[in-house]
Amino acid sequence: MNVTVIGTGYVGLVTGACLADAGNTVFCLDLDEAKIKTLNEGRIPIFEPGLEPIVKRNREAGRLRFSTDVPASVAHAELQLIAVGTPPTEDGSADMQHVVAAARAVGRHMEGYKVVVTKSTVPVGTADKVKQAIIEEQKKRHRGSDFTVVSNPEFLKEGAAVEDFMRPDRIIIGSEDSRAIALLRQLYAPFQRNRERIIVMGVRSAELTKYAANSMLAARISFMNELANLAESIGADIEEVRRGIGSDPRIGYQFLYAGAGFGGSCFPKDVKALQRSAAEAGKPLRLMAAVEEVNEAQKHVLGHKIRERFADQLRGKCIALWGLAFKANTDDMREAPSLALIDDLTAAGATVRAYDPAAGREAKRWFEKSSQVEVVESAMEALEGADALAILTEWQEFRSPDFAAIKEILKTPAIFDGRNLYDPAALRAQGLEYYPIGRKQ
Ligand SMILES: NC(=O)c1ccc[n+]([C@@H]2O[C@H](COP(=O)([O-])OP(=O)(O)OC[C@H]3O[C@@H](n4cnc5c(N)ncnc54)[C@H](O)[C@@H]3O)[C@@H](O)[C@H]2O)c1
């Protein structure tokens with residue numbers, strides 16, 4: 001099939017590459033000329049495990065094309081997948097300008113039937129806005145051809161996006177149009193060979209399902225974080241509690257870790273946007289307000305522990321920081337807890353030597369102008385001249401480091417662990433001070 005993907009970011013690029021890998025001919029559109037140039041030079045603008053070889057082989061096979069040519073992208077396919085960003089606005093609602101602009105572009109250039117599929121995470125009612133935008137553009141041209149708007153929210157996880165796309169848990173299709181549903185069934189058939197993963201529902205339910213999923217996951221994290229802080233102050237251990245409750249199949253072990261708060265490009269903005277939509281509908285979501293409040297506070301817990309350990313004397317101190325990305329296996333630093341910790345440390349007069357296995361390049365751009373933050377090339381290099389170590393991303397290479405070397409290099413043998421990576425007793429036995437989240441020390 002011919003497919004156009006509008007927006008070539010984390011979602012658009014993975015979607016385009018995986019669809020091409022299944023044999024489709026995919027046109028990836030983006031307005032960012034630098035991004036398209038990078039892709040056309042055979043490089044990948046993001047870090048996503050397994051993505052590069054898929055992009056390479058499908059480009060070479062002529063099934064995957066990157067361009068800024070809007071009319072050509074509309075002409076290329078009946079299926080127009082919108083995967084542009086929906087960042088938060090000042091009031092927390094999702095910024096719909098890119099989605100609407102993408103819809104307008106389709107309306108401006110379309111000849112013949114189109115199925116416009118929203119993969120971006122968008123508030124309930126967006127399909128109507130997309131439809132309206134297309135109709136307005138068609139009216140301006142005094143010509144109209146048939147089209148339908150479908151909601152098909154994306155559930156891939158950064159860091160495992162290719163795997164998630166190739167083997168989805170579910171594919172949500174919000175539509176009542178049998179022709180569009182049939183087309184999407186055909187498109188997704190190669191990704192659900194052992195059993196049907198498609199769930200067809202109303203457009204509004206599909207739009208809400210995406211927010212509901214992310215909000216539920218965010219709520220689990222905030223629940224565990226709040227419980228961790230309680231556990232710590234009453235002599236319990238959140239890791240033991242996690243094992244105790246996770247064994248209940250109604251609860252399960254996944255997404256049950258305490259830590260330094262959730263970040264990333266999705267949870268924070270989606271929790272905000274859902275609250276905003278709910279408030280506008282006169283049905284405020286009190287639970288989600290608490291989830292957000294707990295998370296904001298949690299991002300500062302590690303900074304608080306560090307200040308406390310050094311009796312508020314952080315001026316002139318240097319903290320090594322392992323992990324800048326909001327989670328492992330990505331270079332995405334949007335809303336990462338590392339940013340909150342760096343703010344806390346630098347505001348208190350400390351300097352930071354930071355290392356991340358994938359987000360280094362992104363971090364160098366981020367801290368280009370800062371004289372207090374240095375981004376270095378290895379975990380051990382970050383420790384040089386540092387007073388203590390803080391860990392904020394659960395990268396595999398941080399899980400079993402040389403503790404003797406860490407103790408030797410740090411001026412104070414203290415590790416502040418926002419991911420609970422280590423066994424407190426084992427670290428104590430090695431003569432290290434260990435400050436995890438919600439654990440007995
Ligand atoms: N990142 C994730 O893990 C993830 C997972 C599921 C859903 N989502 C949702 O998918 C959407 C995209 O997220 P992302 O992380 O891929 O965003 P992103 O910022 O990485 O990429 C968006 C891309 O769209 C391009 N763009 C903007 N307006 C355009 C237009 N009019 N025409 C063509 N291109 C345009 C931008 O230049 C950018 O390259 C968001 O709504 C997000 O909430 C993201």
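We number each residue from 1, following the sequence as shown. Whatever order the structure lists ligands and atoms in, that order sets their numbers, starting from 1.
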- Query: Parallel, tilted or perpendicular for Phe191 and Phe165, by the 30°/60° rule?
  - Reply: perpendicular

- atom 6 (C) of ligand 1 sits nearest the protein heavy atom Glu154 O, 3.2 Å

- Message: Among Lys272, Lys269, Arg286, Lys299, which residue satisfies the salt bridge (Lys or Arg N to Asp or Glu O under 4.0 Å) criterion with Glu292?
- Response: Lys272

- Query: What is the nearest protein non-hydrogen atom to atom 9 (C) of ligand 1, stated with its residue, atom name and distance?
  - Reply: Thr121 OG1, 3.4 Å

- Message: Polar contacts were defined as any N/O atom of the residue lying under 3.5 Å from an N/O atom of the ligand; does this apply to Lys269 and ligand 1?
- Response: yes

- Message: Between Glu137 and Lys140 (salt bridge meaning N to carboxylate O under 4.0 Å), is one present in this structure?
- Response: yes

- Message: Does the plane of the ring in Phe416 sit parallel, tilted or perpendicular to the ring in Tyr435? Use 30° and 60° as the thresholds.
- Response: parallel

- Item | Proximal atoms of ligand 1 relative to Ile6 (non-hydrogen, under 4.0 Å) | 32 (N), 33 (C)

- Task: Could you tell me whether Glu239 and Arg439 have a side-chain N and a carboxylate O separated by less than 4.0 Å?
- Result: no

- Considering only heavy atoms, which of Leu156, Ile36, Val11 lies nearest to atom 44 (C) of ligand 1? Val11

- Item | Nearest-option assignment for atom 31 (N) of ligand 1, heavy atoms, candidates Thr8, Leu31, Val99 | Leu31

- State whether Phe155 and Arg170 meet the cation-pi test: NZ (Lys) or CZ (Arg) under 6.0 Å from the six-membered ring centroid, and within 45° of the perpendicular axis. yes

- Task: Considering heavy atoms of the protein only, find what lies nearest to atom 19 (O) of ligand 1 and give residue, atom and distance to 0.1 Å.
- Result: Arg334 NH1, 3.5 Å

- Task: Could you check atom 12 (C) of ligand 1 against the protein and tell me its nearest heavy-atom contact, residue, atom and distance included?
- Result: Val84 O, 3.4 Å

- Looking at Lys35, which atoms of ligand 1 are within less than 4.0 Å of one of its heavy atoms? 38 (C), 39 (O)

- Closest approach of any protein heavy atom to atom 22 (C) of ligand 1, naming residue and atom: Gly85 N, 3.5 Å

- Task: Mind telling me whether Phe262 and Phe267 have parallel, tilted or perpendicular rings, with 30° and 60° as the class edges?
- Result: perpendicular

- Message: Checking a contact table here: which protein heavy atom is nearest atom 2 (C) of ligand 1, and how many Å away?
- Response: Glu158 OE2, 3.4 Å

- Query: Under a 4.0 Å heavy-atom limit, does Lys157 contact ligand 1 with its side chain, its backbone, both, or neither?
  - Reply: neither

- Salt bridge flag under 4.0 Å for residues Asp21 and Arg57: yes

- With a 4.0 Å cut-off, would you call Arg334 and Glu362 a salt bridge? no

- Query: Between Tyr10 and ligand 1, does any nitrogen or oxygen pair lie at a separation below 3.5 Å?
  - Reply: yes

- Message: I need the nearest protein heavy-atom contact for atom 23 (C) of ligand 1: residue, atom name and distance, please.
- Response: Asp30 OD2, 3.6 Å

- Message: Using a 4.0 Å cut-off to any heavy atom of Lys210, which atoms of ligand 1 qualify?
- Response: 6 (C), 7 (C)

- What part of Ser265 sits under 4.0 Å from ligand 1 if we count only heavy atoms: the side chain, the backbone, both or neither? side chain

- Cys266, portion touching ligand 1 at heavy-atom distance under 4.0 Å: side chain

- Message: Any salt bridge linking Lys129 with Glu136? Criterion: basic side-chain nitrogen under 4.0 Å from a carboxylate oxygen.
- Response: no

- Query: Charged N to carboxylate O under 4.0 angstrom, Glu163 versus Lys157?
  - Reply: no

- ligand 1 and Asp32, any nitrogen or oxygen pair closer than 3.5 angstrom? no

- Task: Identify, for atom 40 (C) of ligand 1, the protein heavy atom at the shortest distance, and state residue, atom and that distance.
- Result: Thr86 OG1, 3.5 Å

- Step by step, work out the side-chain hydrogen bond (donor to acceptor under 3.5 Å, both in side chains) result for Thr346 and Gln372. CA-CA 7 Å; Thr346 53; Gln372 284 173 276; 4.7 Å; no

